[in-house]
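To find a chain, count down the sequence lines: A is the first, B the second, and so on, and within it residues start at 1. Since we're looking at a predicted model, the values are computed, not measured. Values below: every heavy atom of this structure, side chains too, minus hydrogens, waters and symmetry copies.
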Protein chains: 2
Amino acid sequence: MKLSEGVEQAIHCVAMLSQLSEDGVLSAAALAEFHGVKTSYLLKHLQALSGAGVLRTLPGPKGGYRLARAPQSISLLDILLAVEGPEPAFRCQEIRQRGPNPLPVKPRGPCQINAAMLRAEQSYRAELRRTSIADVLTEVAAKDEDGAIEARGCAFLAVHERRQGG
Amino acid sequence: MKLSEGVEQAIHCVAMLSQLSEDGVLSAAALAEFHGVKTSYLLKHLQALSGAGVLRTLPGPKGGYRLARAPQSISLLDILLAVEGPEPAFRCQEIRQRGPNPLPVKPRGPCQINAAMLRAEQSYRAELRRTSIADVLTEVAAKDEDGAIEARGCAFLAVHERRQGG
DNA sequence: GATTTTGTACTCGGATAGGAAGTGTCCGAGTACACATGG
DNA sequence: CCATGTGTACTCGGACACTTCCTATCCGAGTACAAAATC
């Protein structure tokens, strides 16, 4: 029950991309440098986000990544599913039907243990679904009384953001 | 975000152990045979459950495992934590403080991204905490209209259960 | 025959190999800019 | 001087090694029963 580190990196990247201008993009190298992570590894997750329709990519020099839609409509669940895949954490192996004396007939309903675990996971996903990147940024801004976090992000964007002027 | 197969096996084993008499025990070999899984691997998780205080062990011949407390007071969360460990799935690496230009001062509060992910996980755990093994068995019995599942369990227990007579 | 002693068989417990998935790295396809060249 | 063609540098994209954790396995410690020897 461990999430890969890519999830955290992906969320931070999406949060950062939310703060650039409408026509701006940010390269994977810049994102990796800002977060102090390996570019090659981050690329894998950025590609996953791009494939999932969360990010939009712009090839070529002056290229990079930007959000595919507004931060209000990007949930943490979208990012999680893009990076970790859609399959649930608990995968019922139907061990009821295994062993030397399995259930003679195929059980009518699903395994109740599986149902209970999936119920919990639905609760987990529901919480992530109702939390958008915009919400997270709002919380960050609320706690960022001295503006240090915002200042850091702005300073970095001022240097590395690429405007598609025209 | 994948749970190990041991979690499912552990839950099924605890459910089975809930159905034997007060002074009965079941060996790991029997549990493994019933569920069609490898004994050696199951032992690892049974030991984890034992170490977590969910199961109680009885050594020697005629030995085996039994519940350490009533099924009503054993939650799915207890089993999950015993098998997977207590640390949360999302582990914040505090990448805010990494990179070439980290936050100059240690952030006042925790990372809001971490907070949001942990909030979701709390929801997940809360759901598992309020679901006891007894609840699961109740649901199973409710769906088991023809009694096939119960009959299968009883037949197996009749052969493999060991009573500590006296 | 009853008791004690010994031996054995069975259990759990922890330490030890193998394999899948996450982590980290590489090279290739594509595009925009810059420069050189020709008109 | 302007337009065009070409070259280069930079980007993302997917395919390839390495490490960690899950999976699978083995051997050792401990206990209860059973049998044998002794009183």
Exercise. Applying ring pair (Phe, Tyr, Trp, His ring centres under 6.0 Å), which residue pairs with at least one partner in residues 120-147 of chain B are found, sequence neighbours left out?
Worked result: A/Y124-B/Y124

Seminar exercise, completed: Whole-Å distance, B/Q47 CD to C/dA15 P, equals 10 Å

Exercise. Considering residues, nucleotides and ligands other than B/R56, do more than 12 of their heavy atoms fall under 6.0 Å from its CZ?
Worked result: no

Problem set entry | Which residues share a salt bridge (charged side-chain N to carboxylate O under 4.0 Å, His left out) with A/R130, sequence neighbours left out | A/E127

Exercise. In the 5'-to-3' direction, what one-character label does each nucleotide of nucleotides 24-29 of chain C receive under the scheme B = base within less than 4.0 Å of a protein heavy atom, S = sugar-phosphate only, - = no such atom?
Worked result: BB----

Seminar exercise, completed: Ranking A/G6 and B/S50 by the position along DNA chain C of their nearest nucleotide, the one closer to 5' is B/S50

For this session: Round to the nearest Å and state the distance from A/E8 atom CD to C/dG22 atom C1'.
Result: 15 Å

Exercise. With A/K2, which residues qualify under salt bridge (charged side-chain N to carboxylate O under 4.0 Å, His left out), at least two apart?
Worked result: B/E87

Exercise. Would you call B/E8 and A/R98 a salt bridge, taking side-chain N to carboxylate O under 4.0 Å as the test?
Worked result: no

Exercise. Which ones in residues 79-92 of chain A lie close to DNA chain D, meaning a heavy atom under 4.0 Å from one of its atoms?
Worked result: none

Seminar exercise, completed: Rounded to whole Å, the NE2-C1' distance (A/H45 to C/dT23) equals 8 Å

Exercise. Remaining members of A/Y41's ILVMFWY cluster at a side-chain heavy-atom cut-off under 4.5 Å?
Worked result: none

Problem set entry | Those residues that, when tested against A/S21, pass side chain to side chain contact (heavy atoms under 4.5 Å, CB included) (two or more places apart) | A/D23, A/E161, A/R163

For this session: Could you state the atom-to-atom distance from NZ of A/K2 to P of D/dT23 in whole Å?
Result: 11 Å

Exercise. Who passes salt bridge (charged side-chain N to carboxylate O under 4.0 Å, His left out) against A/R69, sequence neighbours left out?
Worked result: A/D78

Exercise. Within less than 4.0 Å of OP1 or OP2 of D/dT23, is there a side-chain N or O belonging to B/S4?
Worked result: yes

Exercise. Listed by chain and number, what are the salt bridge (charged side-chain N to carboxylate O under 4.0 Å, His left out) partners of B/E121, not counting sequence neighbours?
Worked result: B/R125

Strictly under 3.5 Å: I want the nitrogen or oxygen pairs between protein and nucleotides 4-11 of chain D, one per line.
from   : atom 1 : to     : atom 2 : distance (Å)
D/dT11 : OP1    : A/R162 : NH2    : 2.7
D/dT11 : O4'    : A/G60  : O      : 3.2

Exercise. If you look only at pairs with a residue in residues 58-88 of chain A, which of them pass as a ring pair (Phe, Tyr, Trp, His ring centres under 6.0 Å), with sequence neighbours excluded?
Worked result: none

Problem set entry | Connected-component partners of B/L58 among ILVMFWY, side-chain separation under 4.5 Å | B/V25

